[in-house]
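A short write-up of the structure that comes next.
These numbers come from the heavy atoms of this one structure, side chains and all, not from hydrogens, waters or symmetry mates. In this chain, residues are counted from 1 in sequence order.
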Amino acid sequence: MYPLHTLSNGIKVVVIPSVSAHVCHCGLLINAGSRDEKDDEYGLAHFVEHTIFKGTDKRSAYHILSRLDEVGGELNAYTTKEETAVHASFLPQYLERAASLISDMVFCSVFPEKEIEREREVIIDEITSYLDTPSETIFDELEERIFANSPLGHNILGSIDSVRSFSRADAERFCRRCHLTNQMAFVVWGHVDENRVLRIAEKYFGCRQQSSAIAKRTPVNSFNTFTDCRQQDTHQAHVVLGFLTPSAHDDARLSVSVLNNLLGGPCMNSRLSIALRERSGIAYNVETSYSTFDDTGLLTIYFGTDQRNINRSLSIVKKEINRLASRELSPAQLSNVLRQYTGQLLMSADSGESIMLSVARSAIVYNSAPSVEEICQHVQSEVTAKSLLSAAQTWLATDNFAQLIYV
């Protein structure tokens, strides 16, 4: 477990040492995303993420973009349903430069109108580009309909109309309401001295005015199930199924995460890949994904296939789910499944950026900072053949799912 420090204004700080690293990664994770938007703010969290690059009271947009680029570093950001991150990669000697820049962007952005107008068109282009990709838009529609009565169902990018309506005042209001210091974590990964990191964190983040509050989100009160097939003029059929699953705070999430990997994870020997692609030859792209949120979770199964093979493919998918829900894995099978899952977790530790962002998320959601080795040990001790069977029966082998097809 990495030590978790808390600054006087509530910002959490974690240092992840890596003595052999030649590159350093750091990031500020904020517990605020599209789920925290009000009814007239769809897409505003993502809009803010873009426009904090456009100028502060100290730096112009050009100076923000050049500050790390000119020393060979990189600066980036992203928005999800429940979080916003600003992160950087650089040589270790430029840690203070990166921390100063990120702090300035998050706390001192001025959202200049001329820059906002230019960036507005960039975001709109991002939206239109996204709309041209049915294999991605199908997921947004699925979530919008599953969580129809919740902000969790909102499209992260928003709509063209909503993006055109946003102003500097909207961005500033969202930051005041949602970018709260006790809902932030600053994490550094690399060959760095912990005391130096803490001094830098105190200098650039500890000086910020405290803005603490308990994160309150509208709870998900319903999970809408449906079956729908829509004409989209695609060359192949896109099929996605969505299942209600445990939240980030439910102990069953570990078993569901392992099931997700077994069923359709990135390895080519996942059960759905073997059944649909290798054995039947009727699908090229097959994948599953498990997303956890504050109060619920969503597991999706996606595949693309020829329209003639939709029903056959769905039959195979349901057969594989029923296999998982009908009998416990043997000790040898369980050992293989957990070895593969934890192996993938440990391989992810080869990416310092991935570790840094994962630990930042844990610091905010769980108020702890476990190492990947500790997570693997937890999985090995907590996930059993019985827990996997129970999870499959409870969350997957039910009629409580949504099905959307684009043809």
Side-chain angles (χ1 to χ4, degrees), residues 81 133-150 152-155 220 222-232 234 236-247 250 252-253 255-268 270-293 296-326 388-407:
K81 300 274 183 170
T133 313
S135 61
E136 295 188 15
T137 56
I138 193 170
F139 287 95
D140 274 342
E141 181 175 348
L142 181 84
E143 292 186 19
E144 285 170 4
R145 295 175 66 174
I146 282 176
F147 300 121
N149 299 314
S150 165
L152 192 58
H154 298 165
N155 183 320
V220 175
S222 62
F223 183 90
N224 301 313
T225 60
F226 63 90
T227 299
D228 195 6
C229 181
R230 294 187 51 206
Q231 291 289 331
Q232 291 281 36
T234 58
Q236 68 168 179
H238 300 273
V239 183
V240 63
L241 288 75
F243 297 81
L244 176 69
T245 44
S247 74
D250 192 318
R253 72 185 186 280
S255 293
V256 174
S257 186
V258 173
L259 280 179
N260 171 67
N261 191 67
L262 171 60
L263 194 59
C267 291
M268 293 186 68
S270 70
R271 291 202 173 183
L272 289 181
S273 179
I274 292 293
L276 287 172
R277 179 172 173 164
E278 302 301 326
R279 204 177 290 140
S280 304
I282 56 176
Y284 170 71
N285 190 11
V286 184
E287 61 187 49
T288 65
S289 176
Y290 175 36
S291 301
T292 57
F293 306 106
T296 190
L298 179 67
L299 186 145
T300 58
I301 299 173
Y302 166 84
F303 60 86
T305 189
D306 189 277
Q307 294 185 24
R308 297 170 301 175
N309 294 319
I310 293 174
N311 290 334
R312 182 184 172 197
S313 299
L314 285 169
S315 177
I316 291 172
V317 168
K318 292 171 183 177
K319 180 180 178 181
E320 291 301 322
I321 290 174
N322 289 332
R323 277 183 62 203
L324 287 174
S326 62
L388 290 174
L389 178 65
S390 175
Q393 292 173 338
T394 303
W395 304 101
L396 299 181
T398 71
D399 293 327
N400 193 31
F401 69 91
Q403 177 178 301
L404 182 60
I405 303 172
Y406 284 177
V407 294

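Phe243 is listed as a side-chain neighbour of Phe401, based on a closest heavy-atom distance under 4.5 Å. Here the side chains of Phe226 and Ile146 are in contact, with some heavy-atom distance below 4.5 Å. Side-chain contact between Ser280 and Arg312 is present, with heavy atoms from C-beta onward closer than 4.5 Å. Residues Asn285 and Tyr302 have side chains in contact (heavy-atom distance under 4.5 Å, counting atoms from C-beta outward). Thr234 is listed as a side-chain neighbour of His238, based on a closest heavy-atom distance under 4.5 Å. For the pair Ile301/Val317, a side-chain contact is recorded, criterion being any heavy-atom separation below 4.5 Å from C-beta on. Arg271 is listed as a side-chain neighbour of Arg323, based on a closest heavy-atom distance under 4.5 Å.
Looking only at distances, no side-chain donor or acceptor of Ser247 sits under 3.5 Å from a matching main-chain atom of Thr296. Looking at Ser270, its side chain never comes within 3.5 Å of a backbone N or O of Leu262 through a donor-acceptor pair. Under a 3.5 Å cut-off, the side chain of Thr133 and the backbone N or O of Ser135 do not form any donor-acceptor pair. With Thr300 contributing its side chain and Gly242 its backbone, the two residues share no donor-acceptor pair below 3.5 Å. One N or O on the side chain of Tyr290 and one on the backbone of Pro246 form a donor-acceptor pair closer than 3.5 Å. No donor-acceptor pair closer than 3.5 Å links the side chain of Thr394 to the backbone N or O of Ala391. The backbone N or O of Ala325 lies less than 3.5 Å from a partner atom in the side chain of Gln393, making a donor-acceptor pair. Looking at Ser315, its side chain never comes within 3.5 Å of a backbone N or O of Asn311 through a donor-acceptor pair. Side chain of Ser222 to main chain of Asn224: no donor-acceptor pair is present (N/O by atom type, distance under 3.5 Å, no hydrogens or angles). Ser150 contributes a side-chain N or O that, together with a main-chain N or O of Leu152, makes up a donor-acceptor pair within less than 3.5 Å.
Note: Arg230 CZ to Tyr406 OH = 5.0 Å, rounded to the nearest 0.5 Å. Here the straight-line distance linking atom CD of Glu320 with atom CD1 of Ile274 works out to 9.5 Å at 0.5 Å rounding. Rounding to the nearest 0.5 angstrom, the gap separating the CG atom in Leu241 from the CG atom in Leu299 is 10.0 Å. Residue Leu298 holds its CG atom at 6.0 Å from OG of Ser291, rounded to the nearest 0.5 Å. Ser313 contributes atom OG, which lies 13.5 Å from atom CZ of Arg277 (distance to the nearest 0.5 angstrom). Taking CG from Asn261 and CG from Leu259, the interatomic distance works out to 10.0 Å, rounded to the nearest 0.5 Å.
Partners of Asn309 under the side chain to side chain donor-acceptor pair (under 3.5 Å) rule, at least two apart in sequence or in another chain, do not exist in this structure. Taking the side chain to side chain donor-acceptor pair (under 3.5 Å) definition, one finds that Asp250 meets it with nothing, sequence neighbours left out. Taking the side chain to side chain donor-acceptor pair (under 3.5 Å) definition, one finds that Thr288 meets it with Asn260, sequence neighbours left out. Not a single side chain to side chain donor-acceptor pair (under 3.5 Å) links Arg279 to another residue, sequence neighbours left out. A search for salt bridge (charged side-chain N to carboxylate O under 4.0 Å, His left out) contacts involving Asp228 returns Arg145, not counting sequence neighbours. Residues satisfying the ring-ring contact (aromatic ring centres under 6.0 Å, His included) test with Phe293, not counting sequence neighbours, are none.
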**OP:** Apply side chain to side chain contact (heavy atoms under 4.5 Å, CB included) to the pair Asn155 and Glu144, showing each step before the final yes or no.
**Re:** CA-CA 7 Å; Asn155 183 320; Glu144 285 170 4; 3.4 Å; yes

Original post:
Can Ile138 and Gln232 be said to form a side chain to side chain contact (heavy atoms under 4.5 Å, CB included), step by step?
Top reply: CA-CA 10 Å; Ile138 193 170; Gln232 291 281 36; over 6 Å; no

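Among Ile316, Asp306, Ile310, the one residue that satisfies the side-chain contact (heavy atoms from CB on, under 4.5 Å) test with Ile282 is Ile316.
The two residues Trp395 and Ala252 make their nearest non-hydrogen contact at NE1-CB, 4.3 Å. Taking each heavy atom of Gly304 and Gln236 in turn, the nearest pair found is C-NE2, 3.5 Å. Taking both residues in full, the closest heavy atoms of Cys229 and Val407 are given as SG-CG2, 3.8 Å, listed atom of the first, atom of the second, then distance.
Within a 6.0 Å sphere centred on OH of Tyr284, heavy atoms belonging to other residues, nucleotides or ligands number 12 at most.
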